[in-house]
Novice: 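Got a structure for you, written out below as structure tokens; questions coming shortly.
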Amino acid sequence: MTWLICGDSSLWSCAQQIAHYYQLKVNSDWPTEAQEYQLLLDHSGLSLARSCSDKSRVQVDFCGGANDHRRRFGGGKGQDIAKAVGVASYVPQVADLTAGLGRDAFVLASLGCRVQALERHPVVAALLADGLARAGNAQGEWPLSYELPAEEVRQIAQRIRLQHIGAAQWLAQQRDDSIDVVYLDPMFAHDGRQKAQVKKDMQAFRSLVGSDDDADELLAEALRVARCRCVVKRARKAAPLAQQQPTYELVGKANRFDVYAKRKVEAPH
Ligand SMILES: C[S@@+](CC[C@H](N)C(=O)[O-])C[C@H]1O[C@@H](n2cnc3c(N)ncnc32)[C@H](O)[C@@H]1O
């Protein structure tokens, strides 16, 4: 059980709305029986923290830090993810079935893609919704308002539509060939060697989410719904999803993109 902790009385009604929407328990103090990481709400937004004074909280930040650096210096259409998704003169619409903290969705949106981002874990979805709100995309249900960021970041964030839903349920509601590209990045199963290299924010994230052992079951439906292709991000040496060989692979330093192609990525005729 993850709690939403809010010690600031001026934010209490926001905390209650967030807790209601994501079905979290809310408290003004750090609960004694709490697990390691909890959601914390203060004037800087929502974060995942070990205590109220935790200096290395995990927060979704599209306006600064790694997301901003990647937006400015990440290589644009030359990045493997752009090639895997097929961004060229036609910019495809993408369904990101496993949005997580939204890093890939933000890269795709910064390349011009409209992204339907799905996240099933309530705490992760709340963190991502808060990051999007701070980037200028508050999607209706979000009770906090923040100062607007730079126009470019705001425009990118507005291309992302977050839904707190499981991918299997969402896919079942879609018609055949209804979105250009379906993108999947399930949590990799990891071993001790990888763990030593994992950064703090990923450790917090992993302890919260665990591994996505049901991801194999999504591929067939993802291929039905994708008009042009399905892209799966894997650890460099991991087996392909559902043991199904892709049409081709793009192998990078740490990751691999498996591309399951159906037709050329271009505007529908
Ligand atoms: C490895 S993370 C994705 C990281 C993301 N690509 C990014 O760039 O930040 C996987 C995320 O997918 C979510 N997830 C896994 N299976 C899902 C499903 N069937 N439906 C919706 N979300 C799912 C997990 O809760 C987790 O947050």
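Whatever order the structure lists ligands and atoms in, that order sets their numbers, starting from 1. Only a predicted model underlies this, so the values are computations on that prediction, with no experimental measurement involved.
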Novice: On a heavy-atom basis, I'd like to know which of Met187, His121, Glu119 is closest to atom 24 (C) of ligand 1.
Specialist: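 When every heavy atom of Met187, His121, Glu119 is considered, Glu119 comes closest to atom 24 (C) of ligand 1.
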Novice: Determine whether the side chain, the backbone, both or neither of Val124 has a heavy atom under 4.0 Å from any heavy atom of ligand 1.
Specialist: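 The part of Val124 near ligand 1 is the side chain, not the backbone.
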Novice: Relative to the heavy atoms of Leu101, which atoms of ligand 1 are at a distance of less than 4.0 Å?
Specialist: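 Answer for ligand 1: 9 (O).
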Novice: As a check for students: among Asp185, Leu208, Val60, identify the option with a heavy atom nearest to atom 4 (C) of ligand 1.
Specialist: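 Closest candidate by heavy-atom distance is Asp185.
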Novice: Have a look at Ala125, Pro122, Ala167, Ala99 and point out the one with the heavy atom closest to atom 20 (N) of ligand 1.
Specialist: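 Minimum heavy-atom distance to atom 20 (N) of ligand 1 goes to Ala167.
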Novice: Under 3.5 Å, side chain of Gln59 to main-chain N/O of Leu46, donor-acceptor pair present?
Specialist: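 Yes; judged by distance alone, with no hydrogens or angles, the pair exists.
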Novice: Is it true that atom CD of Glu147 has more than 12 heavy atoms of other residues, nucleotides or ligands lying nearer than 6.0 Å?
Specialist: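 No, because the 6.0 Å sphere around CD of Glu147 holds 12 heavy atoms or fewer from other groups.
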Novice: If we ignore hydrogens and angles and just use 3.5 Å, is the side chain of Gln174 paired with the main-chain N or O of Trp170 as donor and acceptor?
Specialist: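 Checked: pair present.
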Novice: Return a yes/no value for Gly102: is any of its N or O atoms, backbone included, closer than 3.5 angstrom to an N or O of ligand 1?
Specialist: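 Gly102 vs ligand 1: N/O contact under 3.5 Å present.
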Novice: Any side-chain to backbone donor/acceptor pair from Lys262 onto Leu223? Under 3.5 Å, distance only.
Specialist: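 Checked: pair present.
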Novice: Which of the listed options, Gln169, Arg103, Arg120, His164, holds the heavy atom that is closest to atom 16 (N) of ligand 1?
Specialist: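 Selected option, by shortest heavy-atom distance: Arg120.
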Novice: Could you establish whether Trp170 and ligand 1 come within less than 4.0 Å of each other, counting only heavy atoms on the residue side?
Specialist: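 Contact absent.
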Novice: Would the distance check show the side chain of Arg236 and the main-chain N or O of Gly252 forming a donor-acceptor pair, the cut-off being under 3.5 Å?
Specialist: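 Present.
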Novice: Under the 3.5 angstrom rule, does the side chain of Asp96 hit a backbone N or O of Thr98 as a donor-acceptor pair?
Specialist: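 Answer holds: yes.
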Novice: Rounded at 0.5 Å granularity, tell me how far CD in Gln163 sits from CZ in Arg120.
Specialist: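 Answer rounded to 0.5 Å: 15.5 Å.
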Novice: Using heavy atoms and a threshold below 4.0 Å, how should the contact between Val209 and ligand 1 be classified: side chain, backbone, both, or neither?
Specialist: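 Answer for Val209: side chain.
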Novice: Using a 4.0 Å heavy-atom threshold (strictly under), name the region of Asp104 that reaches ligand 1: side chain, backbone, both or neither.
Specialist: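 Both backbone and side chain of Asp104 come within 4.0 Å of ligand 1.
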Novice: Salt bridge or not between Arg103 and Asp185? Use side-chain N to carboxylate O under 4.0 Å.
Specialist: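 So Arg103 does not pair with Asp185 through a salt bridge.
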Novice: Identify, for atom 14 (N) of ligand 1, the protein heavy atom at the shortest distance, and state residue, atom and that distance.
Specialist: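 Going atom by atom, the protein heavy atom closest to atom 14 (N) of ligand 1 ends up being Thr98 CG2, 3.8 Å.
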Novice: Are Arg175 and Asp177 ion-paired here, with the side-chain N under 4.0 Å from a carboxylate O?
Specialist: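 Not counted as a salt bridge, because no side-chain N and carboxylate O are separated by less than 4.0 Å.
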Novice: For ligand 1, is Ile165 a contact, meaning one of its heavy atoms is under 4.0 Å away?
Specialist: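 The answer is yes: ligand 1 sits under 4.0 Å from a heavy atom of Ile165.
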Novice: Are any of the heavy atoms in Leu218 under 4.0 Å away from ligand 1?
Specialist: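 Yes, that is the case, since the closest heavy atom of the residue is under 4.0 Å from the ligand.
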